[in-house]
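Report on the following structure.
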Amino acid sequence: MRIGILLSIACFITIGTACPVGWTPYQDSCYHVSPENESWINAMKMCEVHGSYLADILDAEENRFIVSLMHHTQSNSFWIGGSDWTVEGKWVWEPLGIKFNYTNFADGRPNNYHGENCLSIRAQNHQWDDDDCDEKRRYLCEKRQAKLYF
Ligand SMILES: [Ca+2]
Ligand SMILES: [Ca+2]
Ligand SMILES: [Ca+2]
């Protein structure tokens, strides 16, 4: 009985949220900027190994936050989780296949140059490009923040 009451209280009182060491909190997520370069698919795998996914950017605020993370590095171009691999020209956030609502493609992009199917973001102009999936780039992982209950 007493345990039941304590559990009910715990479910309603959220004291805070937390990200693991090396991850930066923003809204409901934690973000990690990879130090190393990988192909898009290996970047996604590495994110998954760490309980996350290549970052999805769902609005202009998140885009600004991601850019601020990239500005702490010397690199210009980073992998994020978008792909039009399944159906050419239909962009989704992998691995769940969520359709793009917000986009921030650079002028004339995506251009599918030599069959580009993976999404990168540039620190310099904050804009997106479809990119060669085999290109090795640094990448941004995202995961939900763990909720801490007391
Ligand atoms: Ca996101
Ligand atoms: Ca494409
Ligand atoms: Ca392109």
Side-chain angles (χ1 to χ4, degrees), residues 11-150:
C11 288
F12 289 110
I13 303 174
T14 307
I15 299 296
T17 49
C19 292
V21 174
W23 294 71
T24 308
Y26 172 73
Q27 294 194 348
D28 292 335
S29 293
C30 306
Y31 300 80
H32 176 74
V33 184
S34 83
E36 82 286 2
N37 296 290
E38 289 292 354
S39 67
W40 187 91
I41 190 66
N42 281 337
M44 180 62 92
K45 283 183 198 159
M46 277 305 278
C47 290
E48 286 177 356
V49 162
H50 294 92
S52 62
Y53 47 90
L54 274 179
D56 55 18
I57 301 184
L58 303 185
D59 53 39
E61 289 73 43
E62 190 173 18
N63 205 68
R64 270 194 288 280
F65 169 75
I66 295 262
V67 167
S68 75
L69 279 183
M70 300 190 313
H71 277 160
H72 295 301
T73 73
Q74 301 299 317
S75 305
N76 185 37
S77 209
F78 290 76
W79 287 129
I80 48 178
S83 168
D84 74 333
W85 177 87
T86 313
V87 180
E88 178 52 41
K90 296 247 184 290
W91 286 86
V92 294
W93 295 111
E94 300 288 12
L96 295 180
I98 300 162
K99 276 195 210 133
F100 279 26
N101 280 324
Y102 168 78
T103 66
N104 194 35
F105 281 108
D107 283 349
R109 306 294 201 276
N111 56 356
N112 200 39
Y113 183 70
H114 291 298
E116 296 167 316
N117 292 333
C118 290
L119 192 65
S120 63
I121 178 169
R122 297 191 203 123
Q124 223 160 31
N125 61 8
H126 312 180
Q127 290 179 321
W128 306 355
D129 185 17
D130 56 341
D131 220 336
D132 178 352
C133 300
D134 294 328
E135 198 69 43
K136 294 196 169 180
R137 303 197 177 288
R138 296 177 70 173
Y139 53 95
L140 296 142
C141 300
E142 175 180 358
K143 64 173 153 189
R144 294 277 91 103
Q145 282 198 41
K147 297 253 191 311
L148 297 178
Y149 298 104
F150 293 94

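We count ligands from 1, going down the list as the structure has it; atoms in each ligand are counted the same way. Atom set for the values below is all heavy atoms of this structure, side chains included, hydrogens, waters and symmetry mates excluded.
Here N111 reaches the Ca ion (ligand 3): one of its N/O/S atoms is less than 3.0 Å from the metal. The nearest N, O or S atom of D130 is not closer to the Ca ion (ligand 2) than 3.0 Å. In summary, D131 places no N/O/S atom under 3.0 Å from the Ca ion (ligand 3), failing the contact criterion.
Salt-bridge annotation for R144 and D28: absent, with no side-chain N of the basic residue lying under 4.0 Å from a carboxylate O of the acidic one. One finds no salt bridge joining E48 and K45 here, because no Lys/Arg side-chain nitrogen approaches an Asp/Glu carboxylate oxygen to under 4.0 Å. Ion pair K90/D84 not flagged as a salt bridge, since none of the NZ, NE, NH1 or NH2 atoms sits closer than 4.0 Å to an Asp/Glu carboxylate oxygen.
Take the N/O/S atoms of D129: the one nearest the Ca ion (ligand 3) is OD1. For E62, the N, O or S atom closest to the Ca ion (ligand 1) goes by the atom name OE2. Nearest N/O/S atom of E116 with respect to the Ca ion (ligand 2) is recorded as O.
Between O of D56 and OE2 of E142, the angle at the Ca ion (ligand 1) works out to 140°, rounded to 10 degrees. Angle OD1 (D84) to the Ca ion (ligand 2) to OE1 (E88): 100°, rounded to 10°.
The closest side-chain donor-acceptor pair between E142 and Y26, if any, does not fall under 3.5 angstrom. At a cut-off of 3.5 Å, with distance as the only test, a side-chain donor of S75 or R138 sits close to an acceptor on the other residue.
Both cation-pi conditions hold for K143 and W23: the charged atom is under 6.0 angstrom from the six-membered ring centre and inside a 45 degree cone around its axis.
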